[in-house]
Amino acid sequence: MTEAELQQTIIDAAELSGWLLFHDGDSRRSTGAGFPDLVLVHGRHRRVVFLELKSEIGRIRPEQHVWMDALSRCDTVASAIVRPEHLDTILEYLRNPETRRKT
């Protein structure tokens with residue numbers, strides 16, 4: 001599964017489950033190198049999730065590690081690096097955000 005296919009699958013599931021979604025289509029013009037690919041917000045469940053998407057062989061750049069490490073230290077957000085092998089877990093979380101499994 002490519003990163004683009006993974007991303008589209010997650011976007012489709014998030015939209016069906018009532019999540020607000022942000023994806024910067026051209027991050028070259030953005031500040032904050034390494035910022036995660038997707039930001040998801042679910043108001044009813046009071047959740048904010050940051051996802052960095054990688055293919056099965058995709059490498060995490062140092063600046064992506066910085067962001068994910070900083071986000072993982074926050075009490076009020078969830079963050080994850082998502083590969084195709086984690087897809088079932090993330091899709092289940094999007095359907096039921098009260099699920100607290102880590103990917």
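Judged by distance alone, with hydrogens and angles left aside, the side-chain atoms of H42 form no donor-acceptor pair with the main-chain N or O of P97 at under 3.5 Å. Judged purely by atom type and a 3.5 angstrom limit, D37 has no side-chain atom pairing as donor or acceptor with the backbone of E52. Side-chain atoms of Q64 come within 3.5 Å of backbone N or O of R61 as a donor-acceptor pair.
Ion pairing between E85 and R83 fails under the 4.0 Å rule for side-chain N and carboxylate O.
In this structure, CZ in F35 is found 5.0 Å from CZ in F50, a value given to the nearest 0.5 Å. Note that CZ of R59 is 11.0 Å distant from NE2 of H65, once rounded to the nearest 0.5 Å.
With contacts defined as side-chain heavy-atom distances shorter than 4.5 Å, the pair K54/V82 does not qualify. Considering only heavy atoms from C-beta on, L91 stays 4.5 Å or farther from T89 through its side chain. At least one side-chain heavy atom of M68 sits under 4.5 Å from a side-chain heavy atom of P36. Looking only at side-chain heavy atoms (C-beta outward), L38 and I11 come within less than 4.5 Å of each other. Residues V49 and L94 fail the side-chain proximity criterion, which asks for heavy atoms closer than 4.5 Å. Looking only at side-chain heavy atoms (C-beta outward), L6 and P84 come within less than 4.5 Å of each other.
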Between T2 and Q7, is a side-chain contact (heavy atoms from CB on, under 4.5 Å) present by the stated rule, with each step listed? CA-CA 9 Å; T2 67; Q7 178 175 294; over 6 Å; no
Chi angles and distances behind the side-chain contact (heavy atoms from CB on, under 4.5 Å) call for L40, L20: CA-CA 6 Å; L40 303 157; L20 296 174; over 6 Å; no
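What you find for L21 and E15 is that their closest heavy atoms are CD2-OE2, 4.3 Å.
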